[in-house]
*Asks:* 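Before I ask anything, let me first share the structure, which is written out below as structure tokens.
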2 protein chains.
Amino acid sequence: MNGTGTAAANDRVFAALANSVRREVLRLLRDGGPQPVQALAAHFDMARPSLSEHLKVLRDAGLVSEQRSGRQRIYRLEAAPLAEVQDWLHPYERFWRDRLKGLGELLDRMPDDDAS
Amino acid sequence: MNGTGTAAANDRVFAALANSVRREVLRLLRDGGPQPVQALAAHFDMARPSLSEHLKVLRDAGLVSEQRSGRQRIYRLEAAPLAEVQDWLHPYERFWRDRLKGLGELLDRMPDDDAS
DNA sequence: ACGATAGGTAGGAGTTTCCCTACGCGTCAA
DNA sequence: TTGACGCGTAGGGAAACTCCTACCTATCGT
């Protein structure tokens, strides 16, 4: 419907990223590959059930997936939602590109012609 | 400290983006240029003070700036934090590029050699 | 000076987040 | 089968979020 996923889906992804614990989990999965919850939990001070809830938030956002292996749950990074974030970001790129070129400054600072 | 802003700053930016009203405000500023609050408020059903609070969240995240002009406040998109989001995203890019190439599949599905 | 306009702030209600401590369920080892 | 291990869920409490209705300040037009 939207250019980049539904509004609710974007809400879920951005909200999931709006927490340093969850961003760190993603980084650990990115740099360390798929891991069981234990291995992830070792990096945090919090009680393990709290981390479980963070993992649920990440799962609901589609940012990680789990695969059962014996009594372990192996979590893996799923980057598709991040690709959508990048797509969402695209239309804004010209704003910082323009800034760097020092050009858009004047153009952007005063196009008050059509705003009522 | 971090590669891309402090954790708290990223929290603020991602949290600001985790709301469809605020994302729509950014889109309006991107497509319509700098605008007063009135012009933005016209696009939403909510009471105007509620939108004011959304604008405060965006301001605190550094995503918009205001410039007073008479009794109006002209809001402008500030894309720098979005550029930092893109930077934050970069280390994850290979994950969806690999997926597209259909290569990383096998590589990523089982590098369980160093995870304790 | 007076009223209308633009927009922020105060405070409150309902919901959600984030952490905790129990506890339940499935799996492995003895 | 019995116990330990790996993880999730339940439920609760503190704080934050999101909306509202007043209300306040500053500016413009008359």
Side-chain angles (χ1 to χ4, degrees), chain A residues 7-26 28-29 32-76 112 115-116, chain B residues 7-26 28-29 32-61 63-77 112 115-116:
Chain A
N10 278 334
D11 279 8
R12 254 176 273 122
V13 172
F14 281 121
L17 296 177
N19 180 286
S20 61
V21 170
R22 291 191 292 262
R23 285 196 305 277
E24 178 68 4
V25 167
L26 294 181
L28 289 167
L29 294 176
Q35 298 169 46
V37 177
Q38 314 176 104
L40 297 170
H43 296 270
F44 301 98
D45 273 344
M46 50 175 42
R48 198 201 32 71
S50 302
L51 182 62
S52 264
E53 286 169 16
H54 282 300
L55 290 172
K56 177 172 172 51
V57 172
L58 289 169
R59 252 184 288 127
D60 290 348
L63 284 161
V64 303
S65 63
E66 71 167 37
Q67 173 208 342
R68 284 159 209 230
S69 168
R71 54 187 156 180
Q72 306 196 121
R73 251 96 151 176
I74 310 298
Y75 276 83
R76 175 188 347 271
D112 285 332
S116 70
Chain B
N10 278 334
D11 278 8
R12 255 177 273 122
V13 172
F14 281 121
L17 296 177
N19 180 287
S20 61
V21 169
R22 291 193 291 262
R23 285 195 305 277
E24 178 69 4
V25 167
L26 295 181
L28 289 166
L29 294 177
Q35 299 169 46
V37 178
Q38 311 176 104
L40 298 170
H43 297 270
F44 301 98
D45 275 344
M46 49 173 43
R48 198 202 31 72
S50 301
L51 181 62
S52 265
E53 288 170 16
H54 282 300
L55 290 172
K56 177 171 173 52
V57 172
L58 289 169
R59 252 184 289 126
D60 290 347
L63 285 161
V64 303
S65 63
E66 71 167 37
Q67 171 207 345
R68 284 158 208 231
S69 169
R71 55 186 154 181
Q72 307 195 122
R73 252 97 152 176
I74 310 299
Y75 276 85
R76 175 189 344 273
L77 176 65
D112 285 333
S116 71

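Each chain gets a letter, A, B and so on, in the order the sequences are listed, and its residues count up from 1.
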*Asks:* Using whole Å, what does the distance between atom C1' of nucleotide dC18(C) and atom CG of L55(A) come to?
*Replies:* 14 Å
*Asks:* Let's test your reading of the model: under 3.5 Å, does the base of dG7(C) pair with the side chain of R48(B) as donor and acceptor?
*Replies:* yes
*Asks:* Can you say whether a donor on the side chain of R73(A) sits under 3.5 Å from an acceptor on the base of dC7(D), or the other way round?
*Replies:*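 Flag unset: no donor-acceptor pair detected.
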*Asks:* Between dG8(C), dC20(D), dC7(D), which nucleotide gets closest to the side-chain atoms of A47(B)?
*Replies:*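 The answer is dC20(D).
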*Asks:* Would you say dC18(C) has OP1 or OP2 under 4.0 Å from some side-chain N or O of N19(A)?
*Replies:* yes
*Asks:* Measure NZ/K56(B) against P/dT18(D) and give the value in whole Å, please.
*Replies:*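 After rounding, the gap between these two atoms is 13 Å.
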*Asks:* Find the distance M46(B):CE to dG7(C):P and express it as a whole number of Å.
*Replies:*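 My rounded result for the distance is 16 Å.
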*Asks:* Take the protein atom CZ of F14(A) and the nucleotide atom C1' of dT17(C), then report the distance between them rounded to whole Å.
*Replies:* 19 Å
*Asks:* Over all strands shown, is F44(B) touching base, sugar-phosphate only, or nothing at heavy-atom distances under 4.0 angstrom?
*Replies:*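 No contact.
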*Asks:* Return the value, rounded to whole Å, for the distance between atom CD of Q35(A) and atom P of dC7(D).
*Replies:* 11 Å
*Asks:* Between dG7(C), dG8(C), dT9(D), spot the one nearest the side chain of S52(B), thanks.
*Replies:*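 So the side chain of S52(B) is nearest to dG8(C).
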*Asks:* For R22(A), answer base if it contacts any base atom (sugar-phosphate contacts may also be present), sugar-phosphate if it contacts only those atoms, and nothing otherwise; contact means non-hydrogen atoms under 4.0 Å.
*Replies:*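 Contact class for R22(A): sugar-phosphate only.
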*Asks:* Please determine if a side-chain N or O atom of Q38(A) lies less than 4.0 Å away from the OP1 or OP2 oxygen of dG6(D).
*Replies:* yes
*Asks:* Could you check how far CG of D11(B) sits from C1' of dC17(D), rounded to whole Å?
*Replies:*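 About 14 Å, once rounded to whole Å.
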*Asks:* Going by heavy atoms in the side chains, are V57(B) and L63(B) under 4.5 Å from each other?
*Replies:*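 The answer is no; the side chains never approach within 4.5 Å.
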*Asks:* Quick one: does E53(A) reach the base of dC20(C) with a side-chain donor-acceptor pair under 3.5 Å?
*Replies:* yes
*Asks:* Can you check whether V25(A) reaches H54(A) side chain to side chain, under 4.5 Å on heavy atoms?
*Replies:* no
*Asks:* So which one's nearest nucleotide on DNA chain C is more toward 5', R59(B) or S50(A)?
*Replies:* R59(B)
*Asks:* Using the closest heavy atom to pick a nucleotide of DNA chain C for each, name whichever of L51(A) or A15(A) lands nearer the 5' end.
*Replies:* A15(A)
*Asks:* What is the distance, rounded to the nearest whole Å, between atom CZ of R71(A) and atom C1' of dG3(D)?
*Replies:*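 It is 11 Å, rounded to the nearest whole Å.
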*Asks:* With a 4.0 Å cutoff (strictly under), does any side-chain N or O of Y75(A) reach OP1 or OP2 of dG8(D)?
*Replies:*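 Affirmative; the distance criterion is met.
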*Asks:* Should L40(B) and L55(B) be marked as a side chain to side chain contact (heavy atoms under 4.5 Å, CB included) after you check the CA-CA gap, both sets of side-chain angles, and the distance that decides it?
*Replies:* CA-CA 10 Å; L40(B) 298 170; L55(B) 290 172; 4.2 Å; yes
*Asks:* Using atom NE2 of H54(A) as one end and atom P of dC7(D) as the other, report the distance to the nearest whole Å.
*Replies:* 16 Å
*Asks:* Write down the atom of P34(A), the atom of I74(A), and the distance for their closest heavy-atom approach.
*Replies:*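 Heavy-atom minimum between the residues: CB-CG2, 3.7 Å.
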*Asks:* Under 4.5 Å between any side-chain heavy atoms of N10(B) and L17(A), yes or no?
*Replies:*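 Not in contact.
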